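Here's the structure we're looking at; comments come further down.
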Amino acid sequence: MTDAGLTDLPNLQGEHLTVRPQTAGHAPRILLLYGSLRERSYSRLLIEEAARLLEAFGAETRIFDPHGLPLPDDGDADHPKVAELRELSFWSEGQVWCSPERHGNITGVFKSQIDWLPLSIGGMRPTQGRTLAVMQVCGGSQSFNVVNNLRILGRWMRMVTIPNQSSVPKAFNEFGESGRMKASPFYDRVVDVMEELMKFTLLLRDQSDYLTDRYSERVESPEALSSRVNQRSI
């Protein structure tokens, strides 16, 4: 825990936090995604709070702004926002996903971001082996539909989703006028989730290549895989 990071976290009791010393030559790199374009987006406010906590733990963070990202298949992969998102995913060693719940599921804004991240680009995988923390904000009572579906997405994207998660009910009550999250058990849960993400990232990031190495991919060449997957019936 860095002392400088605690100055902007008045709700945090720093003496109760512990993080394993870093072993790699750089701070853990965490990408954070949110799922609303509203001016006062509670998923964005929660992501910003998460980023402050992660930086206090010693991480380097980047938050992707989804404004201007085209719908999947309604733009090209060389679109500046698509290229930015993919570059950030490659850069990351861990990610935080947060979406509002809309009609019992994640928002289209959030899903579009994931849909622009293919499993493989030129033999490189932008999400495989990264750690992942999932969160949601609710307009009403607490629900877990979004975090459950984010876990499905994380598994599909070959990520290591940590056990803990955060669901913030009636989010409009949990943030002050300044956009900062109020002290509460929900805030403490967010701290728990970010602390756990840091621990998993520190433990796994140097082992990612080993953990994601697959027998099936060693015995089949990339060319043969592409031919089999992309075959067309006549």
Side-chain angles (χ1 to χ4, degrees), residues 1-17 19 30-69 88 92 94-114 132-151 153-154 161-162 164-198:
M1 171 60 63
T2 59
D3 293 336
L6 291 176
T7 60
D8 195 33
L9 295 166
N11 298 331
L12 199 65
Q13 300 181 47
E15 68 273 17
H16 295 294
L17 298 173
V19 178
I30 309 296
L31 170 64
L32 301 97
L33 307 179
Y34 61 93
S36 170
L37 302 180
R38 292 179 177 176
E39 182 176 354
R40 186 171 173 84
S41 163
Y42 292 108
S43 63
R44 175 178 55 80
L45 294 179
L46 186 56
I47 279 292
E48 290 174 349
E49 201 70 37
R52 293 185 190 98
L53 290 165
L54 289 166
E55 289 170 3
F57 283 126
E60 181 182 358
T61 66
R62 306 279 177 85
I63 299 175
F64 177 73
D65 180 356
H67 284 87
L69 183 71
L88 286 172
S92 71
Q95 298 188 15
V96 182
W97 295 354
C98 180
S99 174
E101 179 168 328
R102 185 168 295 166
H103 299 315
N105 215 316
I106 62 177
T107 63
V109 171
F110 190 89
K111 185 59 161 56
S112 291
Q113 295 172 75
I114 305 306
L132 173 64
V134 297
M135 304 192 297
Q136 75 173 84
V137 290
C138 311
S141 58
Q142 191 172 44
S143 167
F144 300 95
N145 291 324
V146 165
V147 287
N148 288 337
N149 284 305
L150 290 178
R151 287 184 177 278
L153 278 176
T161 307
I162 66 171
N164 214 339
Q165 61 189 26
S166 170
S167 174
V168 180
K170 298 182 179 178
F172 55 87
N173 284 333
E174 299 303 323
F175 292 86
E177 289 298 321
S178 66
R180 298 301 303 271
M181 193 172 186
K182 301 174 184 177
S184 73
F186 297 116
Y187 175 84
D188 292 345
R189 171 59 69 89
V190 175
V191 177
D192 287 347
V193 174
M194 294 307 107
E195 183 178 46
E196 188 171 287
L197 177 66
M198 278 291 291

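Every value quoted in this text rests on a predicted model; they were computed, and no experiment measured them.
Using a 4.5 Å heavy-atom cutoff, the side chains of V96 and L54 are in contact. Within the 4.5 Å cutoff, the side chain of M181 has heavy atoms near those of the V168 side chain. No side-chain heavy atom of I106 sits less than 4.5 Å from a side-chain heavy atom of I114. Using a 4.5 Å cut-off on side-chain heavy atoms (C-beta onward), S99 and S43 make no contact. Contact of the F110 side chain with the L150 side chain is registered, since non-hydrogen atoms from C-beta on lie closer than 4.5 Å. For the pair L37/P66, a side-chain contact is recorded, criterion being any heavy-atom separation below 4.5 Å from C-beta on.
Note: T107 OG1 to Y34 OH = 11.0 Å, rounded to the nearest 0.5 Å. The CD atom of E49 sits 7.0 Å away from the CZ atom of F175 when rounded to the nearest 0.5 Å. A distance of 7.0 Å separates CH2 in W97 from OG1 in T161, rounded to the nearest 0.5 Å. With rounding to the nearest 0.5 Å, the separation of CD1 in I63 from CG in L33 is 10.0 Å. Within the model, atoms CG of L153 and CD of Q113 stand 11.5 Å from one another, a figure rounded to the nearest 0.5 Å. Between I30 atom CD1 and F57 atom CZ the span is 11.5 Å, to the nearest 0.5 Å.
Side chain of E195 to backbone of L53: no donor-acceptor contact under 3.5 angstrom is found. With hydrogens and angles disregarded, no donor-acceptor distance shorter than 3.5 Å links the side chain of Q165 to the backbone of V147. A donor-acceptor pair is defined here as one N or O able to donate and one able to accept, closer than 3.5 Å; such a pair exists between the side chain of S112 and the backbone of G108.
With sequence neighbours left out, E60 forms a salt bridge (Lys or Arg N to Asp or Glu O under 4.0 Å) with R62. Partners of K182 by side chain to side chain contact (heavy atoms under 4.5 Å, CB included), not counting sequence neighbours: none found. For Y187, there are no ring-ring contact (aromatic ring centres under 6.0 Å, His included) partners, not counting sequence neighbours.
In H67, the NE2 atom is crowded: over 12 heavy atoms of neighbouring residues, nucleotides or ligands sit closer than 6.0 Å. Within a 6.0 Å sphere centred on CZ of R151, other residues, nucleotides and ligands contribute more than 12 heavy atoms.
R44 has a carboxylate O that lies under 4.0 Å from a charged side-chain N of E48, or vice versa, which qualifies the two as a salt bridge. Salt-bridge check for E55 with R52: failed, with every basic side-chain N at 4.0 Å or more from each acidic carboxylate O.
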Pair Q136-S167, side-chain contact (heavy atoms from CB on, under 4.5 Å): steps then yes or no:
CA-CA 5 Å; Q136 75 173 84; S167 174; 3.5 Å; yes
